[in-house]
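Predicted, not measured: the structure shown is a model, and the values here were computed from it. In this chain, residues are counted from 1 in sequence order.
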Amino acid sequence: MPVATPDQYADMLDRAKAGGFAYPAINVSSSQTINAVLQGLTEAGSDGILQVTTGGADYFAGHTVKGRATGALAFAKYVTEVAKNYPITVALHTDHCPKDALPGFVLPLIEASEAEVKAGRNPIFQSHMWDGSAVPLDENIQIAQDLLPRMKNINAILEIEVGVVGGEEDGVAHEGSNDALYTTVADVTKAVEALGLGENGRYISALTFGNVHGVYKPGGVKLRPELLGEIQEGIAAHFGTGPKPLDLVFHGGSGSSDEEIALAVSNGVVKMNIDTDTQYAFTRSVAGYMLSNYEGVLKLDGEVGNKKLYDPRAWGKVAESAMAERVVAATQQLGSAGKSLGV
């Protein structure tokens, strides 16, 4: 199916919120990883989100060039074309964009979508993330306020981060007090007072409850997904809304237990980012293939190897299927399996 229209993407998020499930948002950095996500979502019967970071976009453009806006547009065009061959719906998103990356990443992409919308077409991306976690809260909110009207005008959704996700995500690192890893009701109230609750443009919120990017063992990080419920209740009481007024995003979930994920989703998470686990699934399968077939993929002792084994398509298919398997597992954890708009 084609990439989601703005209305379809909004409907996806609404269905997730109402149905008590969330979509996996998988980071990709190549055509192979894109194909793996599409394969996995199709096998699971789930819609989903493909997203690219600044580093991933640099890589799409060519690792010696590092033109991230160009790379992001190439990513979007590739997915837009190949997704037509799959029976599921996907949305396109740009992941963490700190302040210094705005001029070379998100802002040119918004401009490109503004041109598309002016010509009567849909925006290129359905959502963009502004990661203001490294700047003071007031500045974070002000930049979000500046971006939100432009996003609304192209019928796209803004993702914000209130709080700090620990660890590092593609060069965006946060270190400091552990207190910052837990978003407060007061901070979210301040953001909502400035941004509204949808009337000024739709946004989704990455609130932090002990999350850490990267690799850690189960139990290695103290997650408090119940905090999301407390924040939802506080915002609902303060602004007089119905239950769970915020659409939430779960970052830094590697190593989270099924129970922690389920509790986060029950508290309004509609999108969960997945990167580390799918990266490992892809690369581990390549390592296994090479170790099992080293006499064929290498030219040893004067032999010529086996072209059928070192053809990149041979090990590429193995890697794509392994990553697809991890995508399927994510849809099952999040409850989106079998719930595609196309099913």
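Inspection of the Thr184 and Asp187 side chains reveals an N or O donor paired with an N or O acceptor under 3.5 Å. Side chain to side chain, Asn267 and Gln232 fail the donor-acceptor criterion of an N or O pair below 3.5 Å. At a cut-off of 3.5 Å, with distance as the only test, a side-chain donor of Ser133 or Asp131 sits close to an acceptor on the other residue. A donor-acceptor pair shorter than 3.5 Å can be found between the side chains of His128 and Thr94. Between the side chains of Asp47 and Ser340, at least one donor-acceptor pair of N or O atoms lies under 3.5 Å. In this structure, a donor-acceptor pair under 3.5 Å is absent between the side chains of Asn27 and Asn273. Under 3.5 Å, the side chains of Asp146 and Gln142 contain a donor-acceptor pair of N or O atoms. Donor-acceptor pairing under 3.5 Å is recorded for the side chains of Asn140 and Trp130. There is no side-chain donor-acceptor pair under 3.5 Å between Tyr23 and Ser46.
Classification of Lys244 and Glu233 as a salt-bridged pair fails, no side-chain N sitting under 4.0 Å from a carboxylate O.
Under a cut-off of 6.0 angstrom, the local environment of CZ in Phe239 is crowded, with over 12 non-hydrogen atoms contributed by other residues, nucleotides or ligands. Within a 6.0 Å radius of OH in Tyr310, other residues, nucleotides and ligands contribute more than 12 heavy atoms. Within a 6.0 Å sphere centred on OH of Tyr59, other residues, nucleotides and ligands contribute 12 heavy atoms or fewer.
Gln333 places none of its side-chain heavy atoms less than 4.5 Å from the side chain of Val265. Side-chain atoms of Arg224 and Glu230, non-hydrogen and from C-beta on, do get closer than 4.5 Å to each other. Between Leu246 and Ile235 there is a side-chain heavy-atom pair separated by less than 4.5 Å. Side-chain contact between Phe125 and His93 is absent, with no heavy-atom pair separated by less than 4.5 Å. Looking at Leu248 and Ile204, their side chains never come closer than 4.5 Å, going by heavy atoms from C-beta outward. Using a 4.5 Å heavy-atom threshold, the side chains of Val249 and Val270 count as separate. Using a 4.5 Å heavy-atom threshold, the side chains of Ile124 and Leu109 count as separate. For the pair Gln145 and Leu148, the minimum side-chain heavy-atom distance is 4.5 Å or more.
The two residues Thr5 and Gln8 have their closest heavy-atom pair at N-OE1, 2.9 Å. The minimum heavy-atom distance linking Tyr289 with Ala314 is given by the pair OH-CB, 3.5 Å. What you find for Ile231 and Thr183 is that their closest heavy atoms are CD1-O, 3.6 Å. When every heavy atom of Ser256 is checked against every heavy atom of Ile261, the shortest pair comes out as CB-CG1, 3.9 Å. Of all heavy-atom pairs between Gly234 and Val185, the closest is CA-CG1, 4.2 Å. Annotation for Ser336 and Pro24: closest pair OG-CD, 3.6 Å, computed over non-hydrogen atoms.
Scored by the side chain to side chain donor-acceptor pair (under 3.5 Å) test, Lys17 finds Asp247 as partners (sequence neighbours excluded). Pro225 meets the side-chain contact (heavy atoms from CB on, under 4.5 Å) test with Phe209, Leu223, Glu260, Leu263, Ala264; sequence neighbours excluded. Scored by the side-chain contact (heavy atoms from CB on, under 4.5 Å) test, Arg121 finds Glu116, Ala119 as partners (sequence neighbours excluded).
Applying the salt bridge (charged side-chain N to carboxylate O under 4.0 Å, His left out) test to every pair with at least one member in residues 96-106, sequence neighbours left out, gives these pairs: Lys99-Glu139. Residue pairs satisfying the salt bridge (charged side-chain N to carboxylate O under 4.0 Å, His left out) criterion with at least one member in residues 53-67, sequence neighbours excluded, are listed as follows: Asp58-Arg68.
The aromatic rings of His251 and His96 lie perpendicular to each other, with more than 60° between the two planes, well past the 30° mark.
If you chain together hydrophobic residues whose side chains sit under 4.5 Å apart, Val52 and Val82 fall into the same group. A single hydrophobic cluster is seen to contain both Val135 and Val162, as judged by linkage of ILVMFWY side chains at heavy-atom distances under 4.5 Å, directly or through other members. When the side chains of ILVMFWY residues are joined at heavy-atom separations under 4.5 Å, either directly or via intervening members, Met1 and Leu13 end up in two distinct hydrophobic clusters. The hydrophobic clustering, which links ILVMFWY residues whose side-chain heavy atoms are closer than 4.5 Å, places Val90 and Met129 apart. Connection of Leu73 to Val65 is not established within any shared hydrophobic cluster, with ILVMFWY side chains joined at heavy-atom distances below 4.5 Å, either directly or through further cluster members.
Under a 3.5 Å cut-off, the side chain of Lys152 and the backbone N or O of Glu199 do form a donor-acceptor pair. A side-chain donor-acceptor contact under 3.5 Å links Asn153 to the backbone of Pro149. Under the 3.5 Å distance criterion, the side-chain polar atoms of Gln126 are matched with a main-chain donor or acceptor of Leu92.
Between atom OG1 of residue Thr70 and atom CZ of residue Phe75 there is a gap of 14.5 Å, rounded to the nearest 0.5 Å.
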Determine all donor-acceptor pairs shorter than 3.5 Å in which one atom belongs to a side chain in residues 319-332; sequence neighbours excluded.
unit_1: Ser321; atom_1: OG; unit_2: Gln39; atom_2: NE2; d: 3.3
unit_1: Ser321; atom_1: OG; unit_2: Lys317; atom_2: O; d: 3.1
unit_1: Arg326; atom_1: NH2; unit_2: Asp277; atom_2: OD2; d: 2.9
unit_1: Thr331; atom_1: OG1; unit_2: Val328; atom_2: O; d: 2.7

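Seen from the ring of Phe250, Lys271 does not count as a face-on cation partner, given the 6.0 Å and 45° thresholds.
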Side chain to side chain donor-acceptor pair (under 3.5 Å) between Tyr78 and Ser31, worked out: CA-CA 8 Å; Tyr78 181 85; Ser31 61; 4.5 Å; no
